[in-house]
Amino acid sequence: MFVSFISSFETNRIYNLFAEETLLNFIVLSFQEKRLPMTNTAIAEIFNTIADILDMQRVPWKPVAYRKAARIILTLGEELSDTYIKRGINGLKEIPGIGDALAHKIIEYITIGHIHEFEKLKASIPKGLYDLLRVPGLGPKKAWTLYTTLGIKDLSSLKKAAHTGKISTLPGFGKKSEHDILKGIGLVAQGNERQLLGVVLPLALHLVHVLRAHPAVQRAEIAGSLRRMKETIRDIDLLVVTDTPEKVMKHFTSLPLVTRILAQGPTKASVVLQEHINCDLRALPAPSFGAGLLYFSGSKDHNILLRNIAIKKGYKLNEYGLYKGTKPVAGATEQSIYTKLGLQYIPPELREDPASITLARTHTIPSLIPYNSIKGDLHVHTTWSDGAHSTEDMIRAAQQIGYQYVAITDHSKSLHVAHGLDTKRLLQHIEEIETLQKKFSITILTGSEVDILPDGSLDYDDTLLDKLDIVIASVHSRFKASPEAMTKRITTALENSHVTILGHPTGRLINKREPYLFDTDAVFAAAKKNKVAIEINSSPDRLDLKDSHVKLAVKKGVKLCINTDSHATDHFPFIMYGIAQARRGWATTRDVINTLPLAKLLHFIRKS
DNA sequence: GCCGTTTTCGGCCCGACTGTTTTCAGTCG
């Protein structure tokens with residue numbers, strides 16, 4: 001009721017109406033009552049839409065600012081509403097790309113749930129016009145032309161106009177664009193959601209393998225968001241070094257995986273692969289390879305920052321090299337370019353975080369956890385609960401990887417859908433593991449992934465937990481509890497001295513299920529106090545903790561544990577996705593407990 | 001709309017490819 005009362009006022013009057021402090025109290029209260037989840041995503045989407053509309057209307061530069069702000073907001077670890085509650089408008093304005101005007105728009109969204117200027121802007125154009133922008137080859141300018149000249153205001157009227165040949169009569173459009181638009185509408189219908197890193201990376205590795213086998217290819221590498229190991233991927237970027245690029249492009253576009261060619265020039269080809277994944281291939285001469293790899297690895301903002309540094313130092317940076325006038329001064333390797341710019345080498349996983357440039361200036365980027373540093377997997381399921389393979393098979397697979405230790409951690413009794421083990425079966429399972437140990441050189445730790453019950457107690461009693469080496473405490477039920485209840489539930493569980501690890505801490509499933517909400521600061525503090533490690537679950541659809549939370553945990557000195565949650569022998573390699581998230585969150589070997597040799601790991605577990 | 005070793009105004013990364021042009025605007029990354 002209070003909310004609707006407030007929203008009936010013009011925004012600028014609200015700021016006069018309430019003292020800052022009262023307003024803050026109101027926000028805190030309304031958040032406790034009515035959660036507005038995923039505020040950052042919503043605001044970023046609004047800013048991008050504003051940019052689209054302003055672009056259509058040919059407003060200069062503003063769209064650039066809105067898009068930049070949207071990009072930065074999506075990389076923030078903290079909800080903007082939290083930033084505002086804790087540090088007010090100045091907290092918002094400290095975020096790069098956000099000045100006075102955007103800060104006020106964000107506050108407006110947080111406090112009253114919408115942005116007046118956006119609503120006005122949105123009302124000025126037909127709703128279906130945004131869909132036009134999703135058609136490949138149609139940008140804001142062309143969409144606006146179609147709208148203002150032919151009155152096209154959604155996909156169906158676009159389709160009709162294309163079919164009747166009206167579009168090709170417009171200046172700037174021809175028969176080919178009309179044909180492409182019809183094709184593009186079909187693609188929009190198929191959807192192009194970002195796909196999981198774990199789905200796209202294997203496909204990209206296969207393509208690299210195929211390209212490397214071609215005699216004209218001297219080198220082939222993955223670039224783009226895939227090289228940064230972003231949790232979801234829209235398209236694959238590949239680079240090759242070759243003296244005969246046309247040959248390689250032809251080979252590439254005729255691969256059986258390719259279902260459609262979007263563009264093909266002498267040095268660049270763009271195709272659609274099976275499963276609707278786009279893939280770009282660029283050819284570069286060897287002396288430019290580092291510059292190309294740097295440029296095509298991004299992120300976009302990282303490139304912009306580097307180019308600005310180059311300009312200030314009297315250079316020009318592009319995908320072919322670093323130039324002083326027309327003379328190339330670096331380009332064969334990424335390292336050579338960073339060095340010339342006076343920067344420390346920045347690992348690709350950190351190239352979305354502007355802080356990496358700041359630290360690179362003073363050569364203070366820490367050594368990130370290497371991909372080969374994990375000494376054992378501490379979260380593994382077997383056929384005793386919902387795994388696909390026997391205890392023995394899972395142990396053998398872990399040993400083949402070369403791990404020093406592995407923990408077998410099946411589900412606890414309350415998780416009926418996963419055939420959780422009751423007390424009797426758990427005791428039998430422990431016995432089986434003790435017998436199996438005699439057959440293997442790898443150290444097998446007995447464990448369990450124990451449900452955290454709604455009241456914060458654990459699913460087994462302390463006498464039973466005492467028999468286990470590893471206890472992963474996880475939430476598997478009542479995800480929609482209030483943040484306060486969930487915080488209490490998790491922190492209570494962490495107080496139990498048997499708990500070693502907090503499993504998949506936010507419960508999210510990428511593209512499928514939102515994370516459950518809790519006070520991250522309180523949970524991390526409880527983990528630190530009780531010597532509990534927070535899991536980075538490497539399962540491709542979880543990647544939980546996500547990168548920004550890893551960064552927060554590292555900053556607070558909370559220990560992490562990178563596990564696969566393997567339910568089959570071929571899940572163990574997922575560990576690399578978890579390590580990637582750890583690296584994206586600035587974690588070093590020291591932050592991760594399962595980089596420790598066995599004796600030191602046991603020391604951590606015993607909390608001595 | 002943002003930002004500052006170019007600092008309160010005047011800049012804002014840079015190039016490939018495409019289609020429709022016959023020198024370029026729009027799109028994309």
Side-chain angles (χ1 to χ4, degrees), chain A residues 47 50-52 54-56 58-72 92-106 117-118 132-146 167-181 184 223-228 233-239 245 249 253 261-271 278-284 288 291-292 294-323 342 354 361:
Chain A
F47 283 1
I50 291 176
D52 286 338
L54 294 175
D55 253 338
M56 288 187 209
R58 288 178 156 70
V59 176
W61 298 118
K62 279 194 193 188
V64 177
Y66 274 103
R67 281 189 221 284
K68 185 181 174 195
R71 278 200 312 276
I72 291 171
L92 296 175
K93 283 164 73 174
E94 278 165 17
I95 300 167
I98 293 177
D100 205 55
L102 292 190
H104 275 101
K105 288 191 172 66
I106 292 169
E117 201 178 311
F118 172 58
L132 266 53
L133 303 178
R134 293 164 56 207
V135 177
L138 278 191
K141 308 235 164 67
K142 284 191 170 174
W144 191 249
T145 304
L146 291 169
I167 290 175
S168 55
T169 63
L170 295 177
F173 292 83
K175 277 284 164 207
K176 181 77 166 66
S177 8
E178 200 165 65
H179 179 72
D180 286 348
I181 284 171
S225 57
L226 208 46
R227 184 159 176 251
R228 303 196 307 271
I233 304 291
R234 197 180 294 285
D235 46 33
I236 299 172
D237 291 291
L238 301 176
L239 297 181
M249 291 300 149
T253 54
I261 300 167
L262 297 171
Q264 184 178 359
T267 64
K268 180 184 167 180
S270 193
V271 303
N278 284 22
C279 180
D280 291 345
L281 177 68
R282 295 286 298 234
L284 292 157
S288 292
L294 183 63
Y295 177 74
F296 291 106
S297 294
S299 65
K300 184 183 167 75
D301 288 321
H302 189 78
N303 290 344
I304 292 172
L305 288 168
L306 289 183
R307 286 188 176 184
N308 280 328
I309 293 171
I311 290 168
K312 277 173 192 146
K313 288 188 181 287
Y315 297 117
K316 187 180 79 160
L317 178 63
N318 61 26
E319 61 259 55
Y320 299 107
L322 185 68
Y323 296 87
R361 286 180 196 274

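Just so it is clear, the values below take in all heavy atoms, side chains as well, and ignore hydrogens, waters and symmetry mates. Chain letters run A, B, ... following the sequence lines, proteins first and then strands; every chain starts at 1.
B:dG4 and B:dC13 are spaced 14 Å apart, taking the P atom of each and rounding to whole Å. Atom C1' of B:dT18 sits at a distance of 14 Å from the matching atom of B:dT23, rounded to the whole Å. Using P as the reference atom, B:dC3 and B:dT8 are 16 Å apart when rounded to the nearest Å. Comparing the P positions of B:dT21 and B:dG15 gives a spacing of 27 Å, expressed to the nearest Å. The P atoms of B:dT6 and B:dG11 are separated by 14 Å, rounded to the nearest whole Å. Remark: the separation of the P atoms in B:dC14 and B:dT20 is 30 Å, to the nearest Å.
Considering only the side chain of A:A101, B:dC2 comes nearest among B:dT6, B:dC2, B:dG15. When the nucleotides B:dG1, B:dC14, B:dC17 are ranked by their closest atom to the side chain of A:K316, B:dC14 comes out on top. Candidate nucleotides B:dT27, B:dC13, B:dG1 were compared by shortest atom distance to the side chain of A:I311, and B:dC13 ranks first. Side-chain atoms of A:K62 lie closest to B:dG1 of the nucleotides B:dG1, B:dG29, B:dT27. Distance from the side chain of A:K105 is smallest to B:dG1 among B:dG1, B:dT18, B:dG29. Distance from the side chain of A:A65 is smallest for B:dG1 among the nucleotides B:dC17, B:dG1, B:dT6. Nearest nucleotide to the side chain of A:E319, out of B:dC17, B:dA16, B:dT6: B:dA16. Of the candidates B:dC13, B:dT27, B:dT18, B:dC13 carries the atom nearest the A:I304 side chain, counting heavy atoms from C-beta on.
Across all strands shown, A:N318 has heavy atoms under 4.0 Å from sugar-phosphate atoms exclusively, and none from any base. Within 4.0 Å of A:P60, counting heavy atoms only, lies no atom of the nucleic acid at all. Within 4.0 Å of A:K300, counting heavy atoms only, lies at least one base atom of the nucleic acid. Across all strands shown, A:I98 has heavy atoms under 4.0 Å from sugar-phosphate atoms exclusively, and none from any base. Within the nucleic acid shown, A:K175 comes within 4.0 Å of sugar-phosphate atoms alone, with no base atom in reach, counting heavy atoms only. Residue contacts shown for A:P63 are absent, as no nucleic acid heavy atom lies under 4.0 Å away. Among the protein residues, A:T267 comes within range of the sugar-phosphate backbone only, with heavy atoms under 4.0 Å from sugar or phosphate atoms but none that close to a base. Note on A:K176: only backbone sugar-phosphate atoms sit closer than 4.0 angstrom, heavy atoms only; bases stay farther off. Residue contacts shown for A:R58 are limited to sugar-phosphate atoms, with no base heavy atom under 4.0 Å away.
Taking the ring axis of A:F173 as reference, the NZ or CZ atom of A:K142 stays within 45° of it and closer than 6.0 Å to the ring centre.
The CG-C1' distance, from A:D280 to B:dA16, rounds to 11 Å in whole Å. Between the CG atom of A:L305 and the C1' atom of B:dC14 there is a distance of 15 Å, rounded to whole Å. Rounded to whole Å, the distance from CZ on A:F296 to P on B:dC28 is 16 Å. The CZ-C1' distance, from A:R234 to B:dC28, rounds to 13 Å in whole Å. Atom CD1 of A:I95 is separated from atom C1' of B:dC3 by 16 Å (rounded to the nearest Å). Taking atom CG on A:D52 and atom P on B:dT27, their separation rounds to 11 Å, with Å as the unit. When rounded to the nearest whole Å, the span between CG of A:L132 and P of B:dG26 equals 16 Å. When the P atom of B:dT18 is taken as reference, atom CG of A:L138 falls 17 Å away, rounded to whole Å.
The partner of B:dT8 cannot be assigned: no Watson-Crick or G-U wobble pair with both contacts below 3.5 Å exists in any strand.
Ion pairing between A:K68 and A:D301 fails under the 4.0 Å rule for side-chain N and carboxylate O. Salt bridge annotation for A:K268-A:D280: absent, with no cationic side-chain nitrogen under 4.0 angstrom from a carboxylate oxygen. In summary, A:D52 and A:R67 engage in a salt bridge, as defined by a charged side-chain N under 4.0 Å from a carboxylate O.
A donor-acceptor contact under 3.5 Å is formed by the side chain of A:Y295 with the base of B:dG29.
Just one of A:L322, A:I311, A:L294 meets the side chain to side chain contact (heavy atoms under 4.5 Å, CB included) condition when paired with A:L306; it is A:L294.
In this structure, A:L54 and A:W61 have side chains that are not in contact, with every pair of non-hydrogen atoms separated by 4.5 Å or more. Counting heavy atoms from C-beta outward, A:V271 and A:L262 have side chains that stay 4.5 Å or more apart. Side-chain contact between A:K141 and A:R58 is present, with at least one heavy-atom pair separated by less than 4.5 Å.
For the pair A:A143 and A:R307, nearest-nucleotide mapping onto DNA chain B gives the more 5' position to A:R307. When the nearest nucleotides of DNA chain B are assigned to A:L317 and A:L102 by heavy-atom distance, the more 5′-ward of the two goes with A:L102.
With its ring centre under 5.5 Å from that of the base six-membered ring and a plane angle below 30°, A:W61 counts as stacked on B:dC12.
At the phosphate of B:dC13, neither OP1 nor OP2 sits under 4.0 Å from any side-chain N or O atom of A:Y323. Note on A:S177: a side-chain N or O is less than 4.0 Å away from OP1 or OP2 of B:dT20.
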